Amino acid sequence: MLWCRRVRERGMEAFKERLAFSWERQVPQCGFVESAGADLRVPECDEVWAYLSTGRTLHDLASVAKGLDHKGKTLPAGCWTVRDESAQTGVLGYANVNEDLAICGEPSLIKLNLEPRAVLSYRNGKPTGKPQVLLNYAPVAREAWKLKATLDEKGRALTSRFVAIRPKPGGPGALYLWAIMNSPVANAFAYDHLGKRDIRIGTMRKMPVPARSPAHETPIEQAALRYRQLATSAGPLFSGASAPDAVKRALLEMDAAVLGAYDLPPRLERQLLDLFAGVERKGVGCEFRGYYPPGLDAYVPLHELISEDYARSTLGRFREAPRTVSPDVLAALRTAAEAYGEE
DNA sequence: AGCTTATAAGCACATATTGG
DNA sequence: CCAATATGTGCTTATAAGCT
């Protein structure tokens, strides 16, 4: 066995002060010498990825490829590549991820020159007219929330700053893929398997996806529609004071629907979600910095955590994870609760 | 089959931005 | 103001596809 210890960027202060590691784990040495191409990095959620390793991957559900590259040095003199949206020539499409892009929104529209003399490589860059998901090629943050997937119903042209994720025939549609790509699972996978530079498609194709089942797909799509509806209508013009809460709740429900489909053991689901503790989630239309309140250590699955019953019950955390609390303690808590007139 | 051309994936370089 | 780091562009190279 080898000790594997990691100091994450946000853990550097703690390391300097008291040599604290952000993460540590003993891993078997044999995995590193099995083959010449073995990856020496150990993902933080390695148990999660091991658990999901036998299922389907994104590659099974969708065509995943970058958008087009224009020519540079070899571009003919006077030939244009990208122009303003209002230009008379060219094809409408997407060239860059704008800083304020929301996952329910659409990247800035622009005119692209798709003529062969202007293009070095098309890949998935040509317009299809069919719904697709656009994924950022450059991470939107250094920390765990790196992905911003947007839904492009029109199937427009795109440059290599985006990855087009296109549903395969017979598989789930773009809305489902959109929800999956914005989920904590996809973001954790990216965080665990990529460096800080690019969202590499060879890696993302290997991302585990939930088993095929209408019992998963319907709730995910419904939750996705609900969140999209709330998040796109909750601008400053419309919102009352409670609107952001409703948006956040809908987002949590979408996450919970996706997580439910992955069906992780509670301990692993908790391990995965803890990756996002205190981390800003950009472009989601609400303030989002983690799932579990500080001090709540039990393995409460997300769908239980956000259920009304759980939120209302002060004893919830103990009742949902009775194995972590001795019967005596539970009994004592019940007595105490009764003494205060609850239940 | 063996050679030639095309494509995809990842990365290298150049420029921009940030921080000391 | 300079050095370090981040970001955008499009180039390089390995592999696949096409061709004779």
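If you're wondering where the values come from, they're calculated on a predicted model, not measured in any experiment. Numbers restart at 1 for each chain; the letters A, B, ... are given by sequence-line order, proteins then strands.
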Any pair counted as salt bridge (charged side-chain N to carboxylate O under 4.0 Å, His left out), so long as it reaches residues 48-68 of chain A, sequence neighbours left out: A:Arg56-A:Asp60
All pairs passing salt bridge (charged side-chain N to carboxylate O under 4.0 Å, His left out) where residues 123-133 of chain A contributes a residue, at least two apart: A:Asp69-A:Arg123
side-chain contact (heavy atoms from CB on, under 4.5 Å) partners of A:Arg197, counting only residues at least two apart: none
Touch class at under 4.0 angstrom, heavy-atom based, for A:Asp198 against every strand present: base
Sugar-phosphate only, base, or nothing, as touched by A:Lys66 at under 4.0 Å among non-hydrogen atoms: base
Sorted by number, the residues of residues 105-124 of chain A with heavy-atom contact under 4.0 Å to DNA chain B: A:Ser121, A:Arg123
Nucleotide range of DNA chain B lying under 4.0 Å from chain A heavy atoms: B:dA8 to B:dC13
Value in whole Å for how far the [atom2] atom of [N] lies from [atom1] of [X]:
| X | N | atom1 | atom2 | result |
| --- | --- | --- | --- | --- |
| A:His70 | C:dG10 | NE2 | P | 9 Å |
| A:Arg197 | C:dT7 | CZ | P | 8 Å |
| A:Ile199 | C:dG8 | CD1 | C1' | 15 Å |
| A:Asp69 | C:dG8 | CG | C1' | 11 Å |

Cation-pi check, A:Lys248 onto A:Phe288 ring (under 6.0 Å, within 45° of axis): yes
Cation-aromatic face contact A:Arg270/A:Tyr292, 6.0 Å, 45 degrees: yes
Cut-off 3.5 Å, no hydrogens considered: what does the side-chain donor-acceptor table look like for residues 97-105 of chain A, sequence neighbours left out?
residue	atom	partner	partner atom	Å
A:Asn98	OD1	A:Ser108	N	3.3
A:Asn98	OD1	A:Ser108	OG	3.3
A:Asn98	ND2	A:Asp100	OD1	2.9

Aromatic ring pairing A:Tyr291/A:Trp145, orientation class (parallel under 30°, perpendicular over 60°, tilted between): tilted
Single-linkage hydrophobic cluster A:Val209~A:Val64, side-chain heavy atoms < 4.5 angstrom: yes
